[in-house]
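Presented below is the structure to which this report refers.
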Amino acid sequence: MAINEGYDFRQTEKKWQKIWEENKTFQAKDQDDREKFYGLIEFPYPSGVGLHVGHIRAFTSIEIISRMKRMQGYNVLFPIGWDAFGLPTENFAIKTGRNPREVTDENIKTFTQQLQAMGYSFDWDRTVDTTDPDYYKWTQWIFLKLFENGLAYKDTCYVNFCENCKVVLANEESQGGVCDRCGSEVVQMEKNVWFLRIKQYSEKLLEGLNEVDFLPRIKVEQQNWIGKSTGAEVTFKIAGEEDTLVIYTTRPDTLYGATFMVIAPEHPIIDKYADKIKNIDEIYAYREEAKKKNEFERVQLVKDKTGVRIDGLRAVNPVNGSELPIFVADYVMMGYGTGAIMAVPAHDTRDYEFAKKFDLPIIEVVSGGDISEEAYTDCNDGIMVNSGILDGLTVPQAKEKIIAYLTEQGVGHQQTNYNMKDWAFNRQRYWGEPIPIIECPHCGLVGVPEEELPLRLPEVKNYKPTATGESPLSEIEEFVNCKCPKCGAPAKRETDTMPQWAGSSWYFLRYMDPHNSEALASPEALKYWGPVDWYNGGMEHVTRHLIYSRFWNKVLYELGIVPFSEPYKKRTYQGLILGEDGEKMSKSRGNVVNPTDYVDKYGADVFRTYMMFLGDYEKAVPWSSNSIIGVKRFLDKIWELQSVCTDDPGYSPAHTELMHETIKKVTEDILAMKFNTAVAAMMKAVNTIVSDKTVTKGELSDLVVLLAPYAPHICEEIWQNLGHEGILSSSNVWPTYDPAVLENRSVEIPVQVNGKLKGVIRAAKDADVEALKAQLKADERFAAFDFDAAVKTIYVPGKILNFIIR
RNA sequence: GCGGGCAUGGCGGAAUUGGCAGACGCGCAGGAUUUAGGAUCCUGUGUCCCCGACAUGUGGGUUCGACCCCCACUGCCCGCACCA
């Protein structure tokens, strides 16, 4: 397009999007000689509302990095796909009476158009869709591997259940006691459900964090979620019975201070001794009450401990033989440790409150606190007292000694515990991967034979979950009834589907070889492309998708399917974009920003650049369109530079330092995800050059290359206008800076007297003090100071010159 | 309760990690252009009693020098949570 007409983004952006598509500019080449770079974004859920600004912020970072890497000569894999199974689509289908397949296809179409209009450099030939049978065939295949290796099992226990969505939830989906999807309170329900043994991988998932480059906050949150603690299991005999009560504690050193025991309401010992417990009716009533409380209520009642003493059972302390009463209380959870604790009120706040309420003895065993006021929980300064063999020891010494003693006596041992629970894996819904399992009356649970995969979702008329909390699939007889693959007897299929997280737990592997019909991906492709070099996504997935996919990858690694144990070398995150009111964007608040409005008005280049200029990438930022005009002016300025451009292929002397400085800043800032300051540096360079009213072809070319990752369309156009051959986006043209240019230049050195700034002088970077002094004496601005009288002179070359004059 | 983070002009945010606080952008003011408005371009823009002094949530400390390090406090945000 003609330079003097001004820049028309509508025409130019379409033009280049078409050229990129036709030339397959962004196609990743398998087994190429160039160094590979695999950049990954969290593939979107194609919802009906389309792309939102959060997507743009999340995607543009890796987009910029991928574009830079391509122009640095890397073979880049930057793929896109659709995480398309899930409740919103299903609910929408139910509401409108449409087929979820149809709705999904429509949404994918919208998303594709919107993403292409952003000019993203995805390799569209590798697009995956988790709802495509060719894809979920392999999701089911991985499930079978898990099942065959004992990592998927069925068990009856209390699970999180959302009464609104009518679906079982994993712990990761019900954080804070509310449903991830609808926000309603989660209740505990006893159900027979599928679990994946993620807990068994706790230690491996923790250790793996040592070998990856994840931002610290991500590691911390995963560590918290896994929740490792070390302590001891101690066996208490039940007085007069053969049975024992095993407890877990992190403070075995306080064993002599135990004055009672507490077990969870669901503890099996209650049923076992039902006929010996005199107040069993009262205990059962308490258990029923506890069941009714959801997690939210339990937290609310933290300060108000409740419980019932078991009349008829007592436990014996293995170190001193004292008999202790046993209580049932809901502050002890069946799901953690052994579901039973020894209570040491003197040194545990919860036990202290309970003891006060029930008027139980409090025995101090660590000195240093005032137990008449509150529990003394400190482990550092105290000395053991009233503790037999432990008296006089410090807490750490006492821990070590008591564990050794318990082990020797056969009544205890060191024990590590993890908070993370096994992953509840089935959902009572239609729009998910069918679980490929058959229940045979003779053989039990049997996997669907591999050659029968994919086990397709049957077409149904009604997608509604049933009133009994069973999957809609359970009502389709042709699907349910089948033959046992082992013995041929009539059998029934599992009718629940997998959770939304299943398809996303391995999609990054499929991108490496998306059309393979023989394997989830070929070993060569996995070896060449894996692992992912840089993965960016939201903090909200750190204790969900990110931990699930690391788990699946570790299993696949151990089975020899995948050649790397950690799937992601580097993981970063983007801050949330809040509504203009500073609140989280949501439909109900009415503060949602539609990116399309801005893309239509200013173009994709301006919008992408503005999103990155908005602020610190990792921080939450309220949306504001106030300064988007500044980015438009910036792009217009660089466009206008074409009219004052000379044919000189190099840099003019006046701009050499500026160019090298800008190249360094932009290159380094992109890799550090400081996208805002890279834009600022380019603006500064352009402003300087604009005010000089002349630019060389060499300068403008390099500026355009630096800007291309942010604003690729306008840069391609200028690049072409400048007479360069080929497509900028796939050319190996990223400029490098010459450190010598930046080293040798003169610098401005602030001159201080007694720490107060008096002025600035220009000097060589490595000038010596005497030379600078001479320069100052000759400078009339500093005539008032007698530098020779300085008691002390501080000189940091290139940084500061400070005279202390009394 | 435990863990992590943040606090800088009217606004979004910079500051090479101890060395010119406020880069860059918005906004605002003045000017140019225009019949006018918009758009665009130039100049200015932390505060004040404008030589100079005071300024990075508050109070102290270390240092020639502190947004940066240390101590205490205040206010926001995030994560986990009767986790034994």
Side-chain angles (χ1 to χ4, degrees), chain A residues 6 175-177 216-225 227-229 231 247-251 254 262 264 295 298-306 329-333 335-344 348-351 353-354 377 417-420 539-540 542-543 575-576 578 582 610 613-616 618-631 633-634 636-637 640 664-665 668 674 676-687 690-691 748-760 790-796 798-805:
Chain A
Q175 300 183 22
R217 203 176 137 206
I218 297 173
K219 289 192 183 184
V220 167
E221 285 200 12
Q222 288 212 343
Q223 281 159 357
N224 281 349
W225 187 254
K228 181 178 182 173
S229 80
I247 62 100
Y248 173 73
T249 178
T250 54
R251 294 294 303 275
T254 62
V262 186
E295 247 183 88
R298 283 197 180 188
V299 174
Q300 290 296 299
L301 298 170
V302 165
K303 290 221 163 69
D304 194 16
K305 296 268 178 300
T306 62
D330 65 4
Y331 80 90
V332 174
M333 308 287 154
Y336 185 78
T338 60
I341 62 159
M342 65 170 190
V344 185
D348 180 283
T349 4
R350 292 151 302 168
D351 298 344
E353 282 169 31
F354 195 86
T377 55
N417 252 326
Y418 302 91
N419 284 343
M420 187 163 63
M539 273 314 286
E540 70 275 18
V542 164
T543 52
L576 232 46
L578 306 170
Y610 178 61
F613 185 58
L614 213 50
D616 186 335
E618 284 164 26
K619 271 194 212 143
V621 58
W623 171 257
S624 152
S625 58
N626 280 342
S627 47
I628 192 167
I629 188 72
V631 172
R633 286 176 190 152
F634 164 57
D636 285 345
K637 273 185 214 170
E640 291 303 325
K664 177 175 158 56
K665 180 79 178 150
E668 289 175 357
K674 294 169 88 174
N676 52 338
T677 49
V679 175
M682 290 187 280
M683 286 175 166
K684 199 175 176 179
V686 168
N687 287 344
V690 163
S691 62
E748 291 194 325
I749 298 173
V751 179
Q752 297 180 341
V753 173
N754 298 335
K756 300 274 182 196
L757 182 74
K758 297 299 170 190
V760 176
V791 206
K792 196 174 171 188
T793 305
I794 294 114
Y795 176 51
V796 183
K799 298 261 185 190
I800 197 87
L801 180 58
N802 186 11
F803 298 93
I804 310 305
I805 305 174

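Sequence lines set the chain letters: A, B, ... in the order given, protein chains first and strands last, and positions in each chain run from 1. Values reported hereafter were calculated over all heavy atoms of this structure, with side chains retained and with hydrogens, waters and symmetry mates removed.
- Between atom NZ of residue K665(A) and atom CE of residue M682(A) there is a gap of 11.5 Å, rounded to the nearest 0.5 Å.
- With a 3.5 Å ceiling on both atom-pair distances, the Watson-Crick or G-U wobble partner of C54(B) is G46(B).
- As a whole-Å value, the separation of N676(A) CG from C26(B) P is 15 Å.
- Here G25(B) is the nucleotide among G25(B), G3(B), C82(B) with the atom lying nearest to any side-chain atom of K637(A).
- Remark: Y248(A) is not in phosphate contact with A84(B), judged by side-chain N or O atoms under 4.0 Å from OP1 or OP2.
- Taking for each of K674(A) and V760(A) the nucleotide of RNA chain B with the nearest heavy atom, the 5'-most of the two is the partner of K674(A).
- If you take CZ of F613(A) and P of C24(B), they are 10 Å apart, rounded to a whole angstrom.
- Comparing C78(B), C26(B), G13(B) by their closest approach to the side chain of I629(A) singles out C26(B).
- Comparing A84(B), A21(B), U16(B) by their closest approach to the side chain of L757(A) singles out A21(B).
- Here C26(B) is the nucleotide among G4(B), C6(B), C26(B) with the atom lying nearest to any side-chain atom of N626(A).
- Which of U16(B), A84(B), G25(B) sits closest to the side chain of T249(A) comes down to A84(B).
- Rounded to the nearest Å, the gap between the P atom of G46(B) and that of C26(B) is 16 Å.
- The distance from atom CD1 of I800(A) to atom C1' of G18(B) is 11 Å, rounded to the nearest whole Å.
- Minimum atom distance to the side chain of K684(A) is reached by C24(B), of the listed G79(B), C24(B), U40(B).
- OP1 and OP2 of G19(B) both lie 4.0 Å or more from every side-chain N or O belonging to N802(A).
- Checking the phosphate oxygens (OP1, OP2) of A23(B), no side-chain nitrogen or oxygen of N687(A) falls inside 4.0 Å.
- In this structure, P750(A) and M683(A) both approach RNA chain B, and ranking their closest nucleotides by distance from the 5' end singles out P750(A).
- Distance, L576(A) CG to C77(B) C1': 12 Å, rounded to whole Å.
- In this structure, the nucleotide among G12(B), C80(B), C78(B) sitting nearest to the side chain of V621(A) is G12(B).
- For the OP1/OP2 pair of C64(B) and a distance below 4.0 Å, the side-chain nitrogens and oxygens of K792(A) include at least one atom meeting the criterion.
- We find the CD-OH distance between E353(A) and Y331(A) to be 9.0 Å, quoted to the nearest 0.5 Å.
- Look at R633(A) and you'll find a side-chain N or O under 4.0 angstrom from OP1 or OP2 of U40(B).
- Straight-line distance between the C1' atoms of G30(B) and G19(B): roughly 36 Å, to the nearest whole Å.
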